Amino acid sequence: MAEKIPSISKINELFQNKEMKPSELFEQVYETASYTESVLHAHLELFYDEGLKLSKESDKRYKKNESLGLLDGIPIAIKDNINIYGYKTTCSSKMLSNYVSPYDATVVTSLKKAGTIFTGKTNLDEFAMGSSTENSAYGPTKNPWNPDFVPGGSSGGSAAVVSAGSAVASLGSDTGGSIRQPASFCGVVGFKPTYGTVSRYGLIAFASSLDQIGPITNTVDDTRIIFNEIQGYDSKDATSITPVYTKLENKKIKVGILKELMQEGVSNESQNEVNKVVNQLREKGHDVTEISLPLTEMALSVYYLIAPAECSANLSRFDGVRYGIREDASTSYEMMNKTRSVGFGEEVKKRILLGTYALSAGYFDEYYGRALKVRSKIITDFKTAFDKVDFILSPTTPTPAFGFGEKTKNPLEMYLSDLCTIPANLAGLPAISIPTGLSENNLPLSVQIMGKPCSDYSLIDFAESIEEMVEFNSSPNLLKENSES
Ligand code: GLN
């Protein structure tokens with residue numbers, strides 16, 4: 001009896017008017033999970049008992065008209081690289097297969113205070129390295145629109161659960177596109193906030209200068225509601241900022257189409273979605289022009305030096321001593337060696353090697369140092385561009401979802417699927433992906449909007465106007481098949 005889940009505001013209205021109880025909604029999403037999970041494998045763990053208990057407490061609050069706000073009683077799934085006290089955080093790695101978190105991530109504390117109910121932990125590419133969730137040590141997640149296709153990654157589980165209706169929303173993490181790309185492949189909304197606006201405390205670090213937590217939701221308004229709850233300064237995160245959000249005064253919006261993401265390497269189907277939106281924006285009287293940022297063509301290369309470099313440092317803490325598994329051996333060196341050989345998968349090892357190489361004494365300047373220089377230039381170029389336009393529009397991904405195994409043989413092909421999303425991470429910009437249509441083979445396509453730092457709320461407002469314009473109302477086959485039965 002799967003039904004498309006209403007928006008968070010609508011659910012809250014149903015709760016307030018006593019037309020539905022949080023525990024009923026929890027049972028509904030859990031029931032959906034109980035049949036979708038056998039196909040999708042999107043959750044690594046489901047929290048049924050605690051979820052039900054907490055949703056009943058929420059029932060009581062609504063009964064007494066003492067609800068904690070819009071998120072009270074809303075079932076939300078959490079990517080399994082974000083810590084929840086007392087539960088495992090595996091990062092989809094064998095290395096952390098036995099790691100139970102001794103504390104809550106700040107985003108988790110905020111959501112708990114707001115009364116949300118956690119449905120469980122979602123699958124990802126090991127340590128968030130990948131674009132298809134095929135790198136999980138616990139097996140891949142499937143795409144709810146067609147289980148022969150990947151859900152994207154690394155937050156593939158978080159995108160699939162929202163698309164399949166086994167959670168109202170989820171949290172993901174985005175280092176090079178891992179919220180937006182899977183959101184796009186699964187036909188839902190994915191938002192990477194301005195770097196520093198959402199605390200990373202309690203997110204297992206991949207590449208700290210790029211990592212950002214953000215929501216995956218059914219609607220742009222749901223994104224606004226969750227972002228509102230999780231954003232803000234946190235003294236526990238050294239890179240946290242006190243955001244001063246910019247507002248858009250002008251009704252006529254200036255939009256730049258990024259030329260470098262509308263050419264060879266990006267499919268016609270993906271480009272057409274942008275063109276469709278551009279036509280509608282022009283009809284509404286907005287000012288749309290083409291802009292060129294030539295250095296964005298180097299973003300992928302820059303990312304694949306900076307991200308592995310940072311990951312090689314961050315993952316050195318998994319040494320068999322402090323966290324996770326330990327292999328037996330007669331010397332400590334051998335123990336670390338064995339633990340890391342057994343604990344990490346192929347892709348993670350590849351990135352550690354790449355990063356260690358790029359940081360090594362003889363090559364530091366040539367690779368890592370140079371990548372940092374180009375990164376600063378990319379940041380400056382975006383700054384200049386945002387003097388002329390309010391937002392930058394592009395496809396979210398070069399193609400719709402691809403099939404299992406299609407890109408695993410060729411890592412460069414896989415890396416290319418983040419072509420459009422990586423620039424926003426390098427420059428710390430907020431960026432949102434919204435579904436706009438379906439491909440020829442019935443898979444979702446999206447557009448991405450990037451804004452200047454701290455324009456998060458106006459970016460969300462603009463994205464909402466596009467969401468209304470394109471009226472994307474399709475839902476995955478999985479949902480349809482089950483609602484017909
Ligand atoms: N797919 C990119 C990578 O593998 C981005 C991952 C991410 O954003 N976590 O590095």
Side-chain angles (χ1 to χ4, degrees), residues 5 8 29 32-33 36-37 40-47 74-84 87-92 105 107-108 111 116-136 138-145 150-193 198 200 202-204 206 211-219 222-223 226-227 230 396-397 401 421 432-433 435 444 446 476 478:
I5 293 186
I8 294 177
V29 295
T32 305
T36 53
E37 274 304 300
L40 300 179
H41 182 49
H43 277 100
L44 291 177
E45 195 180 353
L46 280 158
F47 304 157
I74 301 294
I76 289 183
I78 306 289
K79 185 175 181 179
D80 201 22
N81 60 352
I82 298 174
N83 284 319
I84 304 181
Y87 286 102
K88 276 205 237 172
T89 306
T90 69
C91 291
S92 287
V107 289
V108 165
L111 290 178
T116 65
I117 318 291
F118 299 134
T119 56
K121 300 300 281 291
T122 57
N123 200 11
L124 63 147
D125 286 296
E126 186 177 4
F127 285 104
M129 297 173 200
S131 310
S132 63
T133 318
E134 289 170 291
N135 296 338
S136 167
Y138 305 107
T141 292
K142 309 265 167 82
N143 190 317
W145 288 78
V150 304
S154 65
S155 314
S158 282
V161 294
V162 177
S163 164
S166 56
V168 171
S170 64
L171 289 188
S173 66
D174 193 313
T175 305
S178 278
I179 289 176
R180 290 159 288 156
Q181 187 256 25
S184 173
F185 280 10
C186 293
V188 288
V189 177
F191 177 50
K192 183 201 91 69
V198 175
R200 291 184 297 110
L203 166 72
I204 311 289
F206 162 11
D211 294 343
Q212 189 60 79
I213 295 177
I216 297 181
T217 60
N218 281 309
T219 69
D222 290 0
T223 283
I226 294 177
F227 173 66
I230 61 177
T396 307
T397 56
T421 47
I432 190 165
S433 172
S446 302
L478 200 67

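No hydrogens, no waters, no symmetry mates; every other heavy atom, side chains included, goes into these values. Numbers for residues simply follow the sequence, beginning at 1. Source: prediction; values computed, not measured.
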Quick one: does any side-chain atom of T133 pair with a main-chain N or O of P140 as donor and acceptor, under 3.5 Å?
no

V108 vs N83, side-chain contact (heavy atoms from CB on, under 4.5 Å): CA-CA, chis, key distance, verdict:
CA-CA 8 Å; V108 165; N83 284 319; over 6 Å; no

Given 3.5 Å as the limit, does a donor-acceptor pair link the side chain of T122 with the main chain of A42, or not?
no

Correct closest heavy-atom pair for N123 and S136 would be OD1-OG, 2.7 Å

On a heavy-atom basis, the closest approach of K88 and D80 is O-OD1, 3.2 Å

What I want to check is whether the side chains of S173 and D211 have a donor and an acceptor closer together than 3.5 Å.
no

Would you check if the side chain of H41 reaches a backbone N or O of Y138 as a donor-acceptor pair within less than 3.5 Å?
yes

Under 3.5 Å: donor-acceptor pair, side chain of E45, backbone of G120
no

Indicate the atoms forming the closest heavy-atom contact of S178 with S155, along with that distance.
O-OG, 2.7 Å

I need the L124 CG to K79 NZ distance, nearest 0.5 Å.
5.5 Å

Note: S92 and L44 closest approach over all heavy atoms is OG-CD1, 3.5 Å

Tell me the closest heavy-atom pair linking G172 and I82, and the distance in Å.
O-CD1, 4.3 Å

Angle class for the Y87/F47 ring planes (parallel below 30°, perpendicular above 60°, tilted otherwise)?
parallel

What distance separates K121 NZ from S170 OG, expressed to the nearest 0.5 Å?
12.5 Å

Tightest non-hydrogen contact, residues T223 and T217, listed as OG1-OG1, 2.7 Å

Is it true that a side-chain atom of Q212 and a backbone atom of V198 form a donor plus acceptor pair closer than 3.5 Å?
yes

Cut-off 3.5 Å, side chains only: do S446 and T396 have a donor facing an acceptor?
no

Let me see the working for I204 and F127 under side-chain contact (heavy atoms from CB on, under 4.5 Å), right down to the final yes or no.
CA-CA 8 Å; I204 311 289; F127 285 104; 4.0 Å; yes

How many angstroms lie between CG in L111 and CD1 in I226, if you round to the nearest 0.5 Å?
7.0 Å

Would the distance check show the side chain of S163 and the main-chain N or O of C186 forming a donor-acceptor pair, the cut-off being under 3.5 Å?
yes

side-chain contact (heavy atoms from CB on, under 4.5 Å) between T119 and V161, intermediate numbers included:
CA-CA 10 Å; T119 56; V161 294; over 6 Å; no

Working to the nearest 0.5 Å, report the span between CG of N81 and OG1 of T90.
9.0 Å

Kindly compute the distance separating CD1 (I84) from OG1 (T89), expressed to the nearest 0.5 Å.
7.5 Å

I8 side, atom CD1; T219 side, atom OG1 - distance, nearest 0.5 Å:
6.5 Å

So does T421 get a backbone contact from the side chain of Q181, meaning a donor-acceptor N/O pair under 3.5 Å?
no

Do D125 side-chain atoms and A128 backbone N/O form a donor-acceptor pair below 3.5 Å?
no

